[in-house]
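To keep things clear, I will list the structure first and then write my remarks on it.
Remember, it's 1-based here, ligands and their atoms both numbered in the order they're listed. The structure displayed is predicted, hence computed values, not measured ones. Start at 1 with the first residue, then count along the sequence.
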Amino acid sequence: MRSHLLNDTTAEQYRRSVTEGVERVAAKLVDTQRPFTGVTVDDLAPVIEQIDLDRPLHDTTAVLDELEDVYLRDAIYFHHPRYLAHLNCPVVIPAVLGEAILSAVNSSLDTWDQSAGGTLIERKLIDWTAARIGLGENADGVFTSGGSQSNLQALLLAREEAKTEDLGTLRIFASEVSHFSVKKSAKLLGLGQDAVVSIPVDHEKRMQTVALAHELERCAKDGLVPMAVVATAGTTDFGSIDPLPEVAELCAQYGTWMHVDAAYGCGLLTSLTRRALLDGIERADSVTVDYHKSFFQPVSSSALLVKDATTLRHATYHAEYLNPRRMVQERIPNQVDKSLQTTRRFDALKLWVTLRVMGADGIGQLFDEVCDLAQEGWKLLAADPRYDVVVEPRLSTLVFRYIPATVTDPAEIDRANLYARKALFASGEAIVAGTKVNGRHYLKFTLLNPETKASDIAAVLDLIAGHAEQYLGDSLDRAS
Ligand SMILES: *Cc1c(COP(=O)(O)O)cnc(C)c1O
């Protein structure tokens, strides 16, 4: 069994084994014709069920053959130009290279004595990101597992900075289309049921700052504590960006922590044409960025940035066995002092290799391309009488629904759209997402693949219309 340990004597086996895996994936990339096979849970569950984990195969090739059946064949492939569903990007090769290196070396970024150079690389990437945001000289931050964790940590810092024992009085203000991790975080942080105040959005799905001002005023009048405003820079559904300068003004006026959730919109930090959409983000107290969404990085790769490095102390605990207090005096950099995690992946390496190979402009160019594509898609949808499209995209999402010429019952239109999404998924030809707008079912394209063409969007719209028409035709038959 020792031959499986990665070390000096097994270097050749390591090379062979990983290369064999890389070859399988490479072959898959070439072969894959559709984003999905359309396999069902009922098809796949028994295949995985019948594998006896207590009877190993002892042979890498056999295991890879088996993996074809249990995973590779039916995986959802985000690199396919007709994967249009969630905020998953195709990944760039330098980042995958970084991933292979970081898991083999297996640094853990909690303490210097488990990561050495890795700590400094992560710190440099944090400084780089903070500088792109414009957070100033005292900024800091840490890599996290994802936007949800970044939001949680941001709100933890905001809660501590609010300096009140009475958690029931704390209020967080976020738009009605903010990410659900804001509410989850409030719960985890022990805040009351009513802690998150939902602020209505305008017709472009941006937070209405008049309503925010009103709620902040009411909060003060009621003797409650405005703990944080969460402005979203790139809402998950619409890619809409809350008016950051106005939110910043109100936060300054009411002494409230300003958090910007740029999990999606962070790609704009490298954009060559659209960086101005983030104007005002530099005034934030904290910012969430998900490199695994708009920087074309593999999951996971995310960070929380803060304007004032000292606020990260709210996540600091010392343990004799790991990061004793004296290490701070000795100026030994232990990233665990800033993190909610202890053992932590060296995800920063992926971004490092990406920036060293492609440069930030390379990332920005790819993100700009998908935003341009969304504009084209919007024009297609706006000109297509079969569809209703919600808002002109700022980033790269399109929310729309099929509207039949002959049917007016909204519930029936809902069912036709739900059916079309499911039927498309089952066909594996393309994958789209869904959401609700004003209580009605809509479909969504999240465009993060620069290889997707306007012709793909047009083709998928035809497929959706075909499924929806089939549903409506069948339901007419059922009625008669
Ligand atoms: C995706 C997303 C999150 C959550 O990020 P994860 O990496 O999935 O945890 C938070 N906020 C917004 C706006 C997002 O789009």
Side-chain angles (χ1 to χ4, degrees), residues 76 78 83-89 91 95 99 129 133 141-156 158 172-189 196 198-199 201 204-207 228-244 247 258-269 277-278 281 284 286-305 339-341 344-345 347-348 350-351 367 370-371 374 391 393-399 433-435 444-448:
I76 311 276
F78 300 152
Y83 176 83
L84 308 171
H86 302 285
L87 276 162
N88 308 107
C89 51
V91 293
E99 183 78 65
T129 308
I133 297 171
V142 69
F143 271 65
T144 69
S145 61
S148 304
Q149 194 194 4
S150 298
N151 285 348
L152 171 62
Q153 184 167 358
L155 292 172
L156 167 71
I172 300 169
F173 304 86
S175 97
E176 57 183 312
V177 291
S178 62
H179 195 262
F180 75 157
S181 55
V182 175
K183 286 194 180 132
K184 262 196 202 180
S185 299
K187 179 157 190 177
L188 285 164
L189 292 170
V196 181
S198 181
I199 307 295
V201 292
E204 288 192 60
K205 306 293 178 189
R206 296 174 307 186
M207 181 188 282
V229 176
V230 177
T232 312
T235 57
T236 314
D237 266 349
F238 306 100
S240 50
I241 298 169
D242 290 338
L244 303 176
V247 171
M258 176 178 176
H259 177 61
V260 176
D261 179 357
Y264 173 18
C266 61
L268 294 172
L269 293 171
L277 290 173
L278 288 180
I281 194 173
S286 56
V287 178
T288 288
V289 297
D290 257 359
Y291 308 107
H292 63 216
K293 283 181 178 160
S294 47
F295 275 64
F296 305 93
Q297 300 292 296
V299 178
S300 57
S301 183
S302 179
L304 172 69
L305 292 307
S339 176
L340 299 185
Q341 291 167 268
R344 190 162 54 83
R345 290 165 52 84
D347 286 316
K350 296 180 280 194
L351 182 59
F367 191 60
V370 295
C371 294
V391 281
R394 285 286 160 264
L395 299 181
S396 64
T397 58
L398 292 163
V399 179
T435 192
K444 179 168 77 159
F445 291 156
T446 307
L447 304 170
L448 281 178

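A donor-acceptor pair under 3.5 Å is formed between the side chain of R344 and the backbone N or O of F143. Within the 3.5 Å criterion, the main-chain N or O of F295 finds a donor-acceptor partner in the side chain of Q297. Under the 3.5 Å distance criterion, the side-chain polar atoms of T397 are matched with a main-chain donor or acceptor of F238. A donor-acceptor pair under 3.5 Å is formed between the side chain of T144 and the backbone N or O of G146. No donor-acceptor pair closer than 3.5 Å links the side chain of S175 to the backbone N or O of I199. Judged by distance alone, the side chain of H179 and the main-chain N or O of S181 form a donor-acceptor pair under 3.5 Å.
The contact set between ligand 1 and D290, taken as ligand atoms under 4.0 Å from a residue heavy atom, comprises 5 (O), 6 (P), 7 (O). Every atom of ligand 1 is numbered from 1 in the order shown, and the set under 4.0 Å from a heavy atom of A263 is 2 (C), 3 (C), 10 (C), 11 (N), 12 (C), 14 (C). Here is the list of ligand 1 atoms found below 4.0 Å of a heavy atom in D261: 10 (C), 11 (N), 12 (C), 13 (C). Within the listing of ligand 1, atoms 13 (C) sit less than 4.0 angstrom from a heavy atom of G234.
For atom 6 (P) of ligand 1, the closest heavy atom belonging to the protein is G147 N, 3.3 Å.
Ligand 1 is never approached by S145 to a heavy-atom distance shorter than 4.0 Å. Look at T235 and you'll find every heavy atom at least 4.0 Å from all atoms of ligand 1.
The OG1 atom of T446 sits 8.0 Å away from the CG atom of D237 when rounded to the nearest 0.5 Å.
Heavy-atom proximity to atom 9 (O) of ligand 1, evaluated over S150, S148, S178, is greatest for S148.
Checked against a 3.5 angstrom limit, the closest N/O atoms of Q149 and ligand 1 fall outside it. Where the criterion is an N or O separation shorter than 3.5 Å, residue side chain and backbone included, L87 fails it with respect to ligand 1. Among the atoms of K293, some N or O lies under 3.5 angstrom from an N or O of ligand 1.
Checked against Y291 for a side chain to side chain contact (heavy atoms under 4.5 Å, CB included), the options S300, C89, S301 give a single hit: S301.
With a heavy-atom cut-off of 4.0 Å, H292 touches ligand 1 through its side chain alone. Residue contacts with ligand 1 for T288 are absent, since no atom lies close enough (heavy atoms, distance under 4.0 Å).
Relative orientation of the Y83 and F78 rings is tilted, given thresholds of 30° and 60° on the angle between their planes.
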